[in-house]
Amino acid sequence: MKTILTTSPIEAAEFIRRGGIVAFPTETVYGLGANVFNESAIAKIFEAKRRPNDNPLIAHVGNLEQIKLLVKEITPDARKFIAAFFPAPLTLVLPKAERVPLIATANLETIGVRMPRNELAREFLKACKTPIVAPSANLSGKPSPTDWQAVFEDLDGRIDCLLQGEMTEIGLESTVVDCTSNAPLVLRSGAISLEDLQKIIPETRDYQIKKDESPKSPGLKHKHYAPRARVILVSDFRFQISDSSAFIGLNEPPPDFDLIKICRSVEEYAHEVFAFFRTCDRENITTIYCETVAENGIGAALTDRLKRAAE
Ligand code: AMP
Ligand code: MG
């Protein structure tokens, strides 16, 4: 398959209309989209990414009206979060409508719904005239793509079209919140933090996987975000580095690393980390030392991704 590169959201949407799959930028990471009501197009997403078929996709809408096409009901908790945050890097899990095919949700009776705030994403979604299911536009297991070059590296020749935009603003995947239970549950942390959500609904809790329980968010059990290099989390510089090592963090490390990325804030660290992982792999780095950060605000989401990469 030839992958067409374009900067036109109208041209990209044309591929969706013809049953194709299209990578597009959002404020979190690049997504790989298909029409939510086209089962064979959705099957192509799983194939292109080599995604396990028990890992559900998030449905993206260009306006609030489209949410009604996807869900049985917008629960009262979801209503509050929508009013407070949408469009946002926030996915709400709701009971799915009958007409949404089960391949989109990996056989779950719920569906994750998000309205991105990235301008190009919204133009693309508007031109598609249908909700778009989209997981991150990387090969399964690899770090999520934060620029179009990363999408190209993983998926050139495997997808119909790549809508080229800027590097993504946030760099980590959306916060996922289950709004189908008694109190909202954060299934995956992201730029909208637990503290942000609790300002709207104080009962909101973090979901903790109990040992031996199958996770509520199926994607959480899959290996994620991992570069080829070994990832080690460090909180000081009292360690011996091995050959061809890299460092990313907030403080200046000793000079003996082959690659060093010093970030001025936790936000910048989140923005840079996946691209840095990919750079390290390209440069044949064998070990990446990642400095730990305080686990509040987006620091909680960054810590989650770093821990998964280090597993
Ligand atoms: P990705 O877009 O690649 O980050 O993957 C989407 C992730 O969102 C999945 O791996 C799940 O963890 C989560 N997710 C999507 N839909 C649901 C759902 N219906 N219930 C629970 N979690 C979901
Ligand atoms: Mg993903």
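Atoms within a ligand are numbered from 1 in the order they appear, just like the ligands themselves. Owing to the predicted nature of the structure, the values given are computational and were not obtained by experimental measurement.
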Looking only at heavy atoms, the pair that brings Phe15 and Cys161 closest together is CD1-CB, 3.6 Å

Applying side-chain hydrogen bond (donor to acceptor under 3.5 Å, both in side chains) to Ser40 and not counting sequence neighbours gives Asn38

Residues at least two apart in sequence or cross-chain that pass side-chain hydrogen bond (donor to acceptor under 3.5 Å, both in side chains) with Asn182, listed by chain then number, are none

Give the atoms of ligand 1, by number and element, whose distance to some non-hydrogen atom of [X] is under 4.0 Å.
{"X": "Ser136", "result": "1 (P), 2 (O), 3 (O)"}
{"X": "Ile58", "result": "6 (C), 8 (O), 15 (C)"}
{"X": "Leu108", "result": "18 (C), 19 (N), 20 (N)"}

Considering the options Val151, Thr168, Val273, Asn138, which one meets the side chain to side chain contact (heavy atoms under 4.5 Å, CB included) requirement together with Thr146?
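The side chain to side chain contact (heavy atoms under 4.5 Å, CB included) with Thr146 is passed solely by Thr168 among Val151, Thr168, Val273, Asn138.
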
N, O or S from Asn55 under 2.8 Å to the Mg ion (ligand 2):
no

Original post:
If we only count N/O pairs under 3.5 Å, is Thr110 in contact with ligand 1?
Top reply: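 Checking ligand 1 against Thr110, an N or O pair does fall under 3.5 Å apart.
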
Please check whether Arg188 reaches ligand 1 - meaning an N/O of the residue sits under 3.5 Å from an N/O of the ligand, judged on distance alone.
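The answer is yes, given that Arg188 and ligand 1 share an N or O pair closer than 3.5 Å.
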
Margin query: With salt bridge (Lys or Arg N to Asp or Glu O under 4.0 Å) as the test, pick out the partner of Arg278 among Glu283, Glu272, Glu153.
Written below: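 Exactly one candidate clears the test, Glu153.
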
Q) Does ligand 1 have any atom sitting under 4.0 Å from a heavy atom of Asn55? A)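 Asn55 counts as a contact of ligand 1 under the 4.0 Å cut-off.
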
Exactly one of Tyr289, Phe237, Phe239 clears ring pair (Phe, Tyr, Trp, His ring centres under 6.0 Å) with Phe247, and that residue is Phe237

### Task
Answer side chain, backbone, both or neither: which part of Leu187 comes under 4.0 Å from ligand 1, heavy atoms only.
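Just the side chain.
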
Counting heavy atoms under 4.0 Å, the part of Arg51 that contacts ligand 1 is side chain

